[in-house]
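Here's the structure we're looking at; comments come further down.
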Amino acid sequence: MRIAQALTIAGSDSGGGAGIQADIKSFQEMGVFGMSVVTAVTAQNTLGVHHVMPMTVESITQQLDAIAADMGTDAVKTGMLYSGEIIEVVADCLQTYNWKQVVVDPVMIAKGGASLLQQEALHALKHKLLPLVQAVTPNIPEAEALAEMQIECMEDMKKAARRIRETGVSYVVMKGGHASFQEDVIDYLYDGHSFTPFHGRRVETVHSHGTGCTFSAVMTACLARGASMTEAVQVAKQFIQAALEDELGIGNGHGPTNHWAYRKRKTEFGEQPRDT
Ligand SMILES: Nc1ncnc2c1ncn2[C@@H]1O[C@H](COP(=O)(O)OP(=O)(O)O)[C@@H](O)[C@H]1O
Ligand SMILES: Cc1ncc(COP(=O)(O)OP(=O)(O)O)c(N)n1
């Protein structure tokens with residue numbers, strides 16, 4: 001049996017809760033072989049981002065070419081891309097290698113406030129990358145930047161999703177973690193016609209570092225295994241709910257989520273981990 005493969009193009013988080021590390025753990029948990037292209041190395045822990053070192057364009061190109069030349073991939077996820085020039089390299093490779101199942105997590109600012117995307121790279125993200133990809137997964141502040149509007153209610157979330165889809169991306173997944181106007185945490189999948197809501201109970205915890213990375217990585221793994229976009233979002237939502245509820249309590253600040261909680265939960269309830 002051939003195993004599904006997924007590639008993450010993202011930054012390294014030394015603390016292991018977000019970035020490449022969260023993505024690879026999520027791929028593995030979903031039974032998908034994970035590969036990585038490192039765009040930047042961050043010195044990071046639960047207290048914040050202490051240092052950022054972007055990789056060179058040459059290194060990123062070599063990493064992408066190495067994977068394309070030999071291994072290929074069923075789906076791709078992008079995370080921290082940091083600069084306009086890195087976004088351009090990634091966009092060129094997506095076209096060269098005809099990688100179509102691509103989920104963009106438009107990482108901009110870490111929970112502690114550190115910038116993970118240069119201000120001037122926003123234009124390249126919107127106009128070079130999004131037109132090429134299948135899905136984008138903004139949180140509220142990222143959607144505000146992409147749609148150039150403020151989001152203060154559910155209707156604003158939908159309006160922003162419509163605007164973001166005008167870039168050419170096929171699906172917009174508006175994540176509601178930062179939506180203080182919601183009691184539950186509702187994410188919306190917008191396909192250009194209708195909005196599908198995904199409800200979750202709001203978990204009161206400081207251990208939510210890497211939720212966005214984990215969510216989009218699970219979506220990518222599901223797509224790599226042949227799931228539909230709706231199924232992929234549904235599983236990602238269940239995965240992150242479990243990862244937040246089953247707290248690990250690591251570190252003195254915003255700790256990582258629990259990447260094996262979803263599998264553990266399935267096994268405890270006597271089921272096999274969901275086969276998408
Ligand atoms: N406190 C929470 N309780 C339950 N689900 C949450 C919570 N915070 C975030 N989520 C979920 O985690 C995922 C990432 O959400 P969000 O916080 O909006 O993005 P990011 O991590 O990129 O800032 C979404 O599916 C969202 O619904
Ligand atoms: C290297 C790296 N990539 C992405 C992030 C942001 O991750 P996210 O899932 O949005 O989680 P928070 O930073 O909001 O906790 C990161 N911190 N580092």
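Numbering of ligands and ligand atoms starts at 1, following listing order.
Residue Cys213 has at least one nitrogen or oxygen atom sitting less than 3.5 Å from a nitrogen or oxygen atom of ligand 2, judged on distance alone. No N or O atom of Asp105 sits closer than 3.5 Å to an N or O atom of ligand 2. Residue Thr42 places no N or O, backbone or side chain, under 3.5 Å from any N or O of ligand 2. Looking at Gly210 next to ligand 2, an N or O pair under 3.5 Å apart turns up.
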Ligand 1: protein N/O within less than 3.5 Å of ligand N/O:
{"residue": "ligand 1", "atom": "1 (N)", "partner": "Val203", "partner atom": "O", "Å": "2.9"}
{"residue": "ligand 1", "atom": "3 (N)", "partner": "Val203", "partner atom": "N", "Å": "2.9"}
{"residue": "ligand 1", "atom": "18 (O)", "partner": "Gly177", "partner atom": "N", "Å": "2.9"}
{"residue": "ligand 1", "atom": "21 (O)", "partner": "Thr211", "partner atom": "OG1", "Å": "2.5"}
{"residue": "ligand 1", "atom": "21 (O)", "partner": "Gly212", "partner atom": "N", "Å": "2.8"}
{"residue": "ligand 1", "atom": "22 (O)", "partner": "Asn139", "partner atom": "ND2", "Å": "3.4"}
{"residue": "ligand 1", "atom": "22 (O)", "partner": "Lys175", "partner atom": "NZ", "Å": "2.8"}
{"residue": "ligand 1", "atom": "23 (O)", "partner": "Asn139", "partner atom": "ND2", "Å": "2.9"}
{"residue": "ligand 1", "atom": "23 (O)", "partner": "His178", "partner atom": "NE2", "Å": "2.6"}
{"residue": "ligand 1", "atom": "25 (O)", "partner": "Asp187", "partner atom": "OD2", "Å": "2.5"}
{"residue": "ligand 1", "atom": "27 (O)", "partner": "Asp187", "partner atom": "OD1", "Å": "2.9"}
{"residue": "ligand 1", "atom": "27 (O)", "partner": "Asp187", "partner atom": "OD2", "Å": "3.2"}
{"residue": "ligand 1", "atom": "27 (O)", "partner": "Lys237", "partner atom": "NZ", "Å": "2.7"}

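Near Gly212, the atoms of ligand 2 lying under 4.0 angstrom from a non-hydrogen atom of the residue are 9 (O).
Heavy-atom proximity to atom 13 (O) of ligand 2, evaluated over His254, Glu142, His207, Lys111, is greatest for Lys111. Between the choices Gln44, His178, Lys175, the shortest heavy-atom distance to atom 18 (N) of ligand 2 belongs to Gln44.
Lys158 forms a cation-pi arrangement with Phe195, by the criterion of a distance under 6.0 Å to the ring centre and an angle within 45° of the ring axis.
Under 4.0 Å from ligand 2, the heavy atoms of Ala18 that appear belong solely to its side chain. Of all the heavy atoms of Ser12, the ones lying under 4.0 Å from any atom of ligand 2 belong exclusively to the backbone.
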Report, one line per pair, each donor and acceptor closer than 3.5 Å where one atom sits in a side chain of residues 117-134; sequence neighbours left out.
{"residue": "Lys126", "atom": "NZ", "partner": "Leu146", "partner atom": "O", "Å": "2.9"}
{"residue": "Lys126", "atom": "NZ", "partner": "Glu148", "partner atom": "OE2", "Å": "2.9"}
{"residue": "Lys128", "atom": "NZ", "partner": "Glu88", "partner atom": "OE2", "Å": "3.4"}

